[in-house]
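I have placed the structure first, in the form of structure tokens, so that the comments after it can refer back to it.
Residue numbers count from 1 along this sequence. We count ligands from 1, going down the list as the structure has it; atoms in each ligand are counted the same way. All heavy atoms count here, side chains included; hydrogens, waters and symmetry mates do not.
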Amino acid sequence: MTTTHCPIVVLISGNGSNLQALIDASVHSNFKIAGVISNRPDAIGLERAQRDNIPTRVVDHSQFGSRKEFDLALLKSIEEFSPSLVVLAGFMRILGADFVNHFADRLINIHPSLLPKYPGIGTHQRAIDAGDKEHGVSVHFVTEETDGGPVIAQERVAIRSDDTAATLAARVLEKEHIIYPKVVSWFAAGRLRMAGNHALLDDEVLPPEGVQVGP
Ligand code: GRF
């Protein structure tokens, strides 16, 4: 029996630890990382990809006069790899409506909060400041609304009384590395899709908080 591997493109801006988790998982999974693209030439994640002979590209946002031009160059760079899925993994640029609509239904993001709580940045400190008992990670389809698309999966992390943003972020990141390859493999298996403004797994519409992964 031949196994077909779903080609994905991963977009990064920095360290790329989620990229690394995807690289490691892809060895025994149903997806293949066709290419990695960074908007920053110095992203450490580029080295992670190169170590595994994964093709890399840089589309440096600072070299474009407008967001529209950057988005278009990025779109073209992605399409050269003909991916079935585009995976944002610590990609720190807001993408415009034309870009998002072009990749509609095949664009996912990982966000370090229990969405719809805390879209945007600084999520760990915001959860601590609010006195929350728990925090976590969400994977969601990307729509025009930043961090606002349908949630696919979440995992929760208890907040400790002595947590700083850094200690909490480290525990959330551990969960990110488990949940993201899992969601990508669901997509690669044809089990996950977006219809209307809903995420569906095995043809079941998921609840607003998505699948709850983990203990
Ligand atoms: C992760 O916390 C991710 O959820 C957020 O940015 C961080 C990226 O980390 N969007 P890394 O580059 O994957 O190590």
Side-chain angles (χ1 to χ4, degrees), residues 8-26 29 31 33 35-52 54 56-61 74 85-95 99-100 103 107-128 132 134-143 145-159 163-185 187 209-214:
I8 70 168
V9 163
V10 183
L11 303 191
I12 59 165
S13 297
N15 183 28
S17 68
N18 277 291
L19 166 65
Q20 188 66 57
L22 290 163
I23 292 173
D24 295 345
S26 69
S29 198
F31 59 88
I33 304 177
V36 170
I37 305 175
S38 172
N39 67 305
R40 296 183 58 110
D42 58 352
I44 292 170
L46 289 169
E47 293 164 30
R48 297 177 187 272
Q50 284 153 7
R51 267 205 302 273
D52 266 66
I54 297 168
T56 58
R57 304 277 185 278
V58 173
V59 183
D60 183 348
H61 64 276
L74 183 62
L85 180 68
V86 179
V87 177
L88 306 183
F91 184 72
M92 301 304 283
R93 302 297 297 175
I94 303 248
L95 295 160
F99 181 98
V100 169
F103 291 108
L107 182 60
I108 61 173
N109 182 42
I110 190 157
H111 183 75
S113 82
L114 297 171
L115 290 170
K117 271 191 160 180
Y118 314 127
I121 59 173
T123 60
H124 310 294
Q125 192 61 54
R126 286 155 72 196
I128 291 170
D132 291 356
E134 58 177 11
H135 189 45
V137 51
S138 305
V139 177
H140 64 94
F141 281 108
V142 176
T143 60
E145 191 191 338
T146 304
D147 300 325
V151 173
I152 300 162
Q154 288 186 334
E155 183 155 2
R156 288 157 196 276
V157 170
I159 299 181
D163 259 330
T164 62
T167 58
L168 182 55
R171 290 207 309 288
V172 171
L173 204 52
E174 280 176 28
K175 304 295 186 194
E176 294 186 32
H177 298 162
I178 296 166
I179 199 173
Y180 220 7
K182 192 174 284 209
V183 169
V184 172
S185 73
F187 188 94
E209 65 279 11
V211 177
Q212 299 296 301
V213 173

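A donor-acceptor pair shorter than 3.5 Å cannot be found between the side chains of His111 and Thr123.
Considering backbone and side-chain atoms together, Leu173 places no N or O closer than 3.5 Å to any N or O of ligand 1.
By the criterion of a heavy-atom distance under 4.0 Å, the side chain of Glu176, and not its backbone, is placed next to ligand 1.
How far NE2 of His61 is from CE of Met92: 11.0 Å, rounded to the nearest 0.5 Å. With rounding to the nearest 0.5 Å, the separation of CD1 in Ile54 from OG in Ser26 is 6.0 Å. Note that CG of Leu168 and CG of Asp163 are 5.0 Å apart. Values are rounded to the nearest 0.5 Å.
Among all protein heavy atoms, the one lying closest to atom 7 (C) of ligand 1 is Gly90 CA, 4.3 Å. Protein heavy atom at the shortest distance from atom 10 (N) of ligand 1 is Ile110 O, 3.4 Å. The nearest heavy-atom contact from the protein to atom 14 (O) of ligand 1 is Ser17 OG, 2.5 Å. Of the protein's non-hydrogen atoms, Pro112 CD, 4.0 Å is the one closest to atom 5 (C) of ligand 1. In terms of protein heavy atoms, atom 12 (O) of ligand 1 is closest to Gly16 N, 2.8 Å.
Comparing Ile179, Asn18, Asn15 by heavy-atom distance to atom 9 (O) of ligand 1, the nearest is Asn18.
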Self-check item: side-chain contact (heavy atoms from CB on, under 4.5 Å) between Val9 and Phe103, intermediate numbers included
Solution: CA-CA 12 Å; Val9 163; Phe103 291 108; over 6 Å; no
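Checking side-chain atoms of Arg48 against main-chain N and O of Asn15 turns up a donor-acceptor pair under 3.5 Å.
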